[in-house]
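Read through the structure below, which is laid out as structure tokens, and then see the notes.
This structure is a prediction, so every number in the text was calculated from the model and none was measured. Below, chains carry the letters A, B, ... as their sequence lines are ordered, and counting in each starts from 1.
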Amino acid sequence: MDGSALRYDTISFLSDFGTADEFVGVVHSVIRSIAPAVTVVDVSHGIPKFDTRAGGLALARAANYLCPGVVVAVVDPGVGTQRRPVAIEVGDGMSVLVGPDNGVLAPAVGMVGGATRAVEIRNPDVCLPRAGGSTFDGRDVFAPAAAHLCLGVPMTDLGPEIDPAGLMPGVLPISRFEPGIDGDELVCEVLWVDQFGNCQLNVDPMEMLAFGGEVIVSINGDDRIGLPVDAYDQIPTGRVGLVVDSSGLLSLAVARSSAADELELGAGIEVRLRPLPVSDRPNGVVTPVQLGNRPDDRQGDLA
Amino acid sequence: MDGSALRYDTISFLSDFGTADEFVGVVHSVIRSIAPAVTVVDVSHGIPKFDTRAGGLALARAANYLCPGVVVAVVDPGVGTQRRPVAIEVGDGMSVLVGPDNGVLAPAVGMVGGATRAVEIRNPDVCLPRAGGSTFDGRDVFAPAAAHLCLGVPMTDLGPEIDPAGLMPGVLPISRFEPGIDGDELVCEVLWVDQFGNCQLNVDPMEMLAFGGEVIVSINGDDRIGLPVDAYDQIPTGRVGLVVDSSGLLSLAVARSSAADELELGAGIEVRLRPLPVSDRPNGVVTPVQLGNRPDDRQGDLA
Amino acid sequence: MDGSALRYDTISFLSDFGTADEFVGVVHSVIRSIAPAVTVVDVSHGIPKFDTRAGGLALARAANYLCPGVVVAVVDPGVGTQRRPVAIEVGDGMSVLVGPDNGVLAPAVGMVGGATRAVEIRNPDVCLPRAGGSTFDGRDVFAPAAAHLCLGVPMTDLGPEIDPAGLMPGVLPISRFEPGIDGDELVCEVLWVDQFGNCQLNVDPMEMLAFGGEVIVSINGDDRIGLPVDAYDQIPTGRVGLVVDSSGLLSLAVARSSAADELELGAGIEVRLRPLPVSDRPNGVVTPVQLGNRPDDRQGDLA
């Protein structure tokens, strides 16, 4: 069979399985055994273990670039419990997202316009017989269900329709303005630290327009000056850069090193942004700021 | 050429190469250069370096899920020495396993019914000319031999037939019952720690039936109560769970964390299991047991 | 469409993206969206972050094994700055290398005979519209440009031709002979430490012929005897082996462990080699040498 007879010819696959064990390879093998002409694209398998929020965010960041088809996302600490295995149709059948109903699919579903239909996967005919316990639904449920969808099995053959409104939502933090010492501060948090150490904030750069130019970045009471730049490599050594990243969100970065390490940031940590007072930027002169200042040695940071 | 002209259309590939270097990519490229219509499925390249036992176990766990075709397994500390490069046919030609004759293939061969034929790979026409030393037989011998098998080259063209009975066996530890303080104990060991930290034991859950309910898990003289559960997420915080894993073997696990870290376990470490005495479980009350107890503070664990 | 209508049917892809984030998966998805019949072969995504030299060397080591087609290499600390995105044709169109003009492509281009043509990628029609900042040219520029080349878009449609002589060269260290205490020494350096800890030197084994047999390996003033062997597993425990590696270069190795760890070596560190004086090898007896000697306890090493 070539790809032309398939309902979907691509399965995009994300998990927290890592690649040291054979889990990912077994899922690929199961898909290929059922639907040999389907191509599997690995989105990532390095999601932090059990972290459905991180998995959901990664899938959402990728969503607009994935091939139409089936998406399998397995970050599933509740495997074997009552959490439901689901298939969620988007775009009236353009794509179907398959995984546990624990929020990991929700941000991507929202990103591409919301669910048009959903089913709970219950039909044993689209699953593998279990060789052991119910600990590996990626292999036994999600991969074979996805492969069957590619072959053209109707979604309603997977199991009973469920109300998309009842699916577990993804809870994303919203940034907000709060009154601060020098006027309003934008209270946000780190959504994601990538492998380069860049720290993505839940901030649309448009929110920052009124701040104009440099910005005070306050982390755990420690203030640094953030310099808006267009590219990572424009950040002077020792400075904190504010970059619009490839998702269109504001990101903290440093020059050829890890902002997360330098600023002691991780996903979920609060960051506060406020405009640099005009008195602190006479003649466009920038006060040098050392990275790595800690609360006990930060006096003079913004002097 | 499309896939229909191939003798085998899938090569499943496992190694200890890791993915930081270009080794895996070069093997893929060599296969594709010789047999462009073949799909390569990466089983895992995160096998601990030089660990033929771990590689053999991973391949055996995956074996029943792999696509029929050629399997290449390269965990090969003896590369360049007298150890033989071999191709082992199983299922009368259903699949062929290719790799060094050092035990890494043996558990998978056994898992799928044993060898029906074997050859030593010696024919330079199915190998690449060496660009340097004999340090990368994955690239120079195993990948091209596997690709030629996919193209339909008969196995006997790879080299002389050898007696499958003379292949290096995989040595797997057998669990056993031994008399202990409170009756028979099941003496087993950790076969594998997966990336979630779950510790697979060489124990068929059927062996435990007579124990009934909770079990004392003794590690290096330190006792904890193991709670049989159906799913990882049913393990209460601070408890040790006994889960039938996806291979059908008994596994030690803890709630959303690493049992290997909590219990200081690794592959090859001995674990002893015995029934929890009835006197210790009146009214179904479970004595709380803290994880992370160390020999010097474990008094009272089972009081 | 099947592969036969393609100008190129393979994209070999190398980067420093790692695999924990979704970057690699997004690049695969972009390529597949534009040119679904193309196969992407991952050469490696574990290049040390920002290390264009290491990326260039990895690509050069792989170059002779890659499938003809398009090569995408993204190690790109200067993304978003004035560094040029380029496509470099080699072999009169046999292959095209796509990436930033920062030296990462240069060693591979040299390895396969040099550039026959080059263009700067400027045509927005072969790129994706940017969703955010200019921080992910792998997704927005290199992947779509490569996919368009596969579809048959002429290279000159990517942007204006540039002089290949003006491309950023890869700077590779050359080993040299210098007068030493016991005659000429070969002064070289570590090009690459692989994941097994083997340390590749910029030394063609032919240069060592005159040394004959064992060699003194001097690292930061600390001398050890290096034993020429044909295979890693011929290195006695506690000894340093000299192996001709799979690239045909001289490599320092130890038995089933990491030479880099034992010898405290990393890429770029200088190593000096000189013949073992004949007086030190009477009757072929080898003086045992412990690994891990440090400067303060190394007296007697070569006694």
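Using a 30° and 60° split on the angle between ring planes, Phe17(A) and His45(A) fall in the parallel class, below 30°.
If you run side-chain contact (heavy atoms from CB on, under 4.5 Å) between Leu242(A) and each of Ile225(A), Val203(A), Val217(A), Val229(A), only Val217(A) comes through. The one candidate from Leu97(C), Thr10(C), Leu59(C) that meets the side-chain contact (heavy atoms from CB on, under 4.5 Å) condition with Leu66(C) is Leu59(C).
Shown here are the side-chain hydrogen bond (donor to acceptor under 3.5 Å, both in side chains) partners of Asp137(C), two or more places apart in sequence or in another chain: Arg83(C), Arg130(C).
In this structure, the side chains of Pro77(A) and Thr52(A) come closer than 4.5 Å at one or more pairs of heavy atoms.
Of the listed residues (Val40(C), Asp16(C), Leu128(C), Val27(C)), the greatest number of heavy-atom pairs within a distance under 4.5 Å of chain A belongs to Asp16(C). With chain A as the partner, the residue from Ala131(C), Ser134(C), Ser29(C) showing the most heavy-atom pairs under 4.5 Å is Ser29(C). Heavy-atom pairs under 4.5 Å with chain C were tallied for Ala58(A), Gly248(A), Ala54(A), Cys67(A); the largest tally goes to Cys67(A). Across Ile47(A), Asp230(A), Thr19(A), Thr39(A), the residue that shares the most heavy-atom pairs under 4.5 angstrom with chain C is Thr39(A).
One finds no salt bridge joining Lys49(C) and Asp76(C) here, because no Lys/Arg side-chain nitrogen approaches an Asp/Glu carboxylate oxygen to under 4.0 Å. Ionic pairing of Glu22(A) and Arg139(A) is not present here: no N-O contact between side-chain nitrogen and carboxylate oxygen is shorter than 4.0 angstrom.
Using a 4.5 Å cut-off between heavy atoms, Ser15(A) makes no contact with chain C at all. The contact between Val41(A) and chain C is made entirely by side chain atoms (from C-beta outward), counting heavy-atom distances below 4.5 Å.
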Would you sort out whether Val70(A) and Val98(A) count as a side chain to side chain contact (heavy atoms under 4.5 Å, CB included), showing the intermediate values? CA-CA 7 Å; Val70(A) 181; Val98(A) 171; 3.9 Å; yes
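For residues 192-200 of chain C, a heavy-atom distance under 4.5 Å to chain A picks out no residue at all.
Between the CD atom in Glu189(C) and the CD1 atom in Ile269(C) there is a gap of 9.5 Å [rounded to 0.5 Å].
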